[in-house]
Amino acid sequence: MTHPAILSTVEAFGETTHLVDPAQIVQLCGHLKDEVGFNRLSAVTAVDWHPAEPRFEVVYHLHSIASDGRTSKRLRLKCKLTEDQPQIDSITGVWRGANWYEREVFDMFGIRFRNHPNLIRILMPLDWEGYPLRKDYPVHGYKYSYQKE
Amino acid sequence: MAKALEDHVATVPAPSVEPAGPSAPRRMTLNMGPQHPSTHGVLRIMLELEGETIVFAEPDIGFLHTGIEKQCEKENWQQAVTLTDRVDYLANLSNNLVYALAVEKLLQIEIPPQAQWMRVMLAECSRLNSHLVWLGTHALDIGAMSVFFYCFREREDILRIFEMFSGQRMMTSYIRIGGLALEPPRGWQTVIGKFIRAFPSKVDEYENLLDSNPIWKRRTQGVGFIALEDMLDMGVTGPMIRAAGLPWDIRKSEPYSSYDKFDFNVATRSENDVYSRYRVRLQEMRESAKIITQALEGMPEGPWQANAPHVVLPDREKMKTQMEALIYHFKIVTEGFRVPEGEVYQAVESPRGEIAYYVVSNGTSHPYRVHMRTPSFGNLQALPVMLQGEMIADSIAALGSMDFVLGDTDR
């Protein structure tokens, strides 16, 4: 598949991954939903490649189901984000289900989603400091870290 | 602290509060949970009510967040299996299975037929377990108490089966990367055979108990509607979406672990209410029983672990007599095995819907990232849409029909 937003494509383990220009993610998702038939968003997540740069990868898993439920197709989109600009447009306008997944990515990685209707922490307490799934965040958290003792 | 809060709560739009004029109906905000018995765990829902009608509902999750994804990054590949049990504590084997399948895809190892069939059989047992707990507690919420005792009677049998296989009743960790944790116990055929021959009649029993109960029907029929388009848009999966008429089951659409060798039907209904979800799950229990019977009768002979000495612990006897086996044993026990670089997304059909693990490896003996796309998280997201316009008493029935597990939601 070709689209101006797709920078490169990788096929591995029978799965297709498109590396996407972060500025055009909403446009591409709209195209994939309306014209290619990816009617479902399975999940949104992120990977932290600290200390490499660009540090973050936002990963979208798209899914298309035929109305008979028998045939389905999956697609992975990836956007690379740098450490000092961890921001990307929200795709809640395309799939409403992206709402909680983007909140979770914000909660765990500190990646901000522009135009998100309610971007607040979802799993951690609202006043939590730090982003737990970042690689420079200790497994036991700062509060209970053994390094302090 | 205020600064930190401002910094971490990026953008919260001010809630649109309508001016309460003399003609405006008085609204009340009701806080349901996190210790409400019908939320089955620690779920908090903020309900905005107009009289007894729900105008707006907002679920608040995270009370059971245990950081399992972060812990997975610290454990080695095989150790992380024990964490996947804790995600969805009613369908442990489905979680073990999806993780094992994802890592095996990265390792590109072949699983022998007996292990695959055994996995299918036990995953179906865990589906029965989950549906039985759901049925019992859902009926209990609505006021039909006796069903609970009947369901837990059969659930006890299933837990005994799990105990016989793995030594554990709930956190089995029986499905491991490369096959199974232990050899199937002697005489398992007798125990499973006895259970599965009796089980279909037990399902009829639940059906009689509930369907002959007019209160049950009045409480469930026509309640908890949510359009199929909304469900697809919000990420709802599993029995919920099948009760809306879409016959989508990952066991059929993307068969894994030799599900394509089994003959079963996808249960669907079209009414899309609490009652139809109950009917779908009841039918699924019957179909699962069919699958278990087929697995019991056609269980292939052969090894129960893959022929992959760098992943699977060697036989005790070999370890004591062969040097290579001893070296592999030492390597696997001390540092774990390495998984080649790559990323996979593996989905399976759990009792609640699509459970999918996104596993990233950077070539070391620890997972680099494990993301768990859990069905309860996706399903619960649609709760505001489902509850809008419902009566507050019906919200209990509607909530129950979603069959969420808070451990699965918060991870």
Side-chain angles (χ1 to χ4, degrees), chain A residues 12-15 17 39-49 57 59 61 63 65-72 74 76 78 94-101 104 106-108 110 112-133 135 137 139 141, chain B residues 1 4-5 7-13 58 60-65 67 69-71 73-74 105-106 108 229-230 232-237 241-242 246-250 252-254 266 268 342-345 347 354 356 358 360 362 368-369 371-373 377-378 380-382 385 409-411:
Chain A
F13 304 104
E15 297 174 15
T17 310
N39 46 3
R40 258 192 83 231
L41 176 77
S42 185
V44 180
T45 183
V47 184
D48 178 10
W49 290 100
E57 260 175 8
V59 186
H61 287 106
H63 188 204
I65 325 163
S67 55
D68 65 350
R70 285 303 176 98
T71 46
S72 76
R74 288 181 190 272
R76 174 158 55 233
K78 283 211 273 192
V94 184
W95 292 283
R96 275 183 291 161
N99 187 329
W100 279 21
Y101 290 104
E104 192 194 337
F106 164 70
D107 192 359
M108 295 293 157
R112 272 144 212 259
F113 292 87
R114 287 185 290 256
N115 305 323
H116 188 284
N118 183 23
L119 194 66
I120 54 172
R121 284 188 182 272
I122 184 164
L123 296 177
M124 305 302 284
L126 285 179
D127 56 351
W128 193 263
E129 287 182 32
Y131 301 106
L133 278 178
K135 286 284 172 181
Y137 189 96
V139 175
Chain B
M1 191 46 108
L5 190 67
D7 195 38
H8 288 81
V9 180
T11 47
V12 193
E58 175 72 39
D60 179 10
I61 61 168
F63 294 94
L64 208 59
H65 176 61
E69 290 177 15
K70 182 83 177 172
Q71 277 190 59
E73 295 172 10
K74 183 179 154 273
K105 210 159 151 190
L106 276 171
Q108 291 180 306
E229 294 75 45
D230 282 334
L232 281 171
D233 204 24
M234 305 291 284
V236 178
T237 50
I241 214 159
R242 287 194 282 277
L246 181 70
W248 171 48
D249 189 315
I250 300 173
K252 288 276 189 194
S253 68
E254 298 156 82
V266 178
T268 49
E343 51 182 354
V344 289
Y345 192 69
E354 178 197 40
Y358 172 57
V360 182
N362 63 344
Y368 190 76
R369 171 97 176 90
H371 176 253
M372 296 154 180
R373 185 261 179 241
F377 190 81
L380 205 54
Q381 190 170 198
V385 183
T409 312
D410 298 342
R411 306 185 295 288

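Letters go in sequence order (proteins before strands), and every chain restarts at 1. These numbers come from a predicted model, not from an experiment.
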Asker: Among the options A/G14, A/A12, A/S42, A/S72, pick out the one with the most heavy-atom pairs lying under 4.5 Å from chain B.
Answerer: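 Of the options given, most contacts go to A/S42.
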
Asker: Between A/V94 and chain B, with a heavy-atom cut-off of 4.5 Å, which part of the residue counts as in contact: side chain, backbone, both or neither?
Answerer: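 For A/V94, the contact with chain B is made by the backbone alone.
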
Asker: Which of the residues B/Q71, B/K74, B/E254 is involved in the greatest number of heavy-atom pairs with chain A at under 4.5 angstrom?
Answerer: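 With the most close heavy-atom pairs to chain A, the winner is B/E254.
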
Asker: Select, from B/D60, B/I250, B/D230, the one with the greatest count of heavy-atom pairs under 4.5 Å involving chain A.
Answerer: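 Most heavy-atom pairs under 4.5 Å with chain A: B/D230.
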
Asker: Can you tell me which of B/D410, B/V344, B/N362, B/V360 forms the most heavy-atom pairs within a distance under 4.5 Å of chain A?
Answerer: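 Winner by heavy-atom pair count: B/V344.
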
Asker: Using a distance-only test with no angle check, is there a side-chain donor-acceptor pair under 3.5 angstrom linking A/T45 and B/R369?
Answerer: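 A pair is found: one side chain offers a donor N or O, the other an acceptor, under 3.5 Å apart.
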
Asker: Hey, are the side chains of B/R411 and A/L123 touching, using non-hydrogen atoms and a 4.5 Å cut-off?
Answerer: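 Yes, their side chains come closer than 4.5 Å.
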
Asker: In terms of heavy-atom proximity below 4.5 Å to chain A, should B/E354 be classed as side chain, backbone, both, or neither?
Answerer: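 The side chain, not the backbone.
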
Asker: Is a donor on one side and an acceptor on the other found under 3.5 Å between the side chain of B/K70 and the backbone of A/P132?
Answerer: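 Yes, the answer is positive, given that a donor and an acceptor are paired below the 3.5 Å cut-off.
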
Asker: Taking ring-ring contact (aromatic ring centres under 6.0 Å, His included) as the definition, give me every residue that meets it alongside B/W248, ordered by chain and number, with sequence neighbours left out.
Answerer: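 With neighbours one apart ignored, the set is A/H63.
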
Asker: If you compare all heavy atoms of B/P247 against all heavy atoms of A/D68, which two are closest, and at what distance to 0.1 Å?
Answerer: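 Shortest heavy-atom contact: CG-O, 3.3 Å.
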
Asker: Minimum heavy-atom separation for B/H371 to A/A43, with atom names?
Answerer: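 Taking B/H371 first and A/A43 second, the nearest heavy atoms are CE1-CB, 3.9 Å.
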
Asker: Looking at B/T268, B/V385, B/L380, B/T409, which one has more heavy-atom pairs under 4.5 Å with chain A than the rest?
Answerer: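 Going by pairs under 4.5 Å, I would pick B/L380.
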
Asker: Please step through side-chain contact (heavy atoms from CB on, under 4.5 Å) for the pair A/L133 and B/E73, ending with a clear verdict.
Answerer: CA-CA 9 Å; A/L133 278 178; B/E73 295 172 10; 4.0 Å; yes

Asker: What part of B/E343 lies closer than 4.5 angstrom to a heavy atom of chain A: side chain, backbone, both or neither?
Answerer: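 Backbone plus side chain of B/E343, per the 4.5 Å heavy-atom cut-off to chain A.
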
Asker: Between A/T17 and chain B, with a heavy-atom cut-off of 4.5 Å, which part of the residue counts as in contact: side chain, backbone, both or neither?
Answerer: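 Side chain of A/T17 only, per the 4.5 Å heavy-atom cut-off to chain B.
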
Asker: With chain B as the partner, which of A/R70, A/K135, A/M124 has the greatest number of non-hydrogen pairs under 4.5 Å?
Answerer: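 Looking at each option in turn, the highest pair count goes to A/K135.
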
Asker: At what distance, to the nearest 0.5 angstrom, does NE2 of B/H65 lie from CD of A/E104?
Answerer: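 Between B/H65 NE2 and A/E104 CD, I get 8.0 Å after rounding to 0.5 Å.
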
Asker: Sort A/I65 into side chain, backbone, both or neither according to what part of it lies under 4.5 angstrom from a heavy atom of chain B.
Answerer: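 The answer is the side chain of A/I65.
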
Asker: Please classify the contact between A/D48 and chain B as side chain, backbone, both or neither, with a heavy-atom cut-off of under 4.5 Å.
Answerer: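 Contact with chain B: backbone only.
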
Asker: List the atom of A/Y101, the atom of B/Q381, and the distance in Å for their closest heavy-atom pair.
Answerer: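 What the structure gives for the nearest pair is CE1-NE2, 4.0 Å.
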
Asker: Please enumerate all residues that pass ring-ring contact (aromatic ring centres under 6.0 Å, His included) together with A/H61, with sequence neighbours excluded.
Answerer: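 Partners of A/H61 under the ring-ring contact (aromatic ring centres under 6.0 Å, His included) test: B/Y345, B/Y358.
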
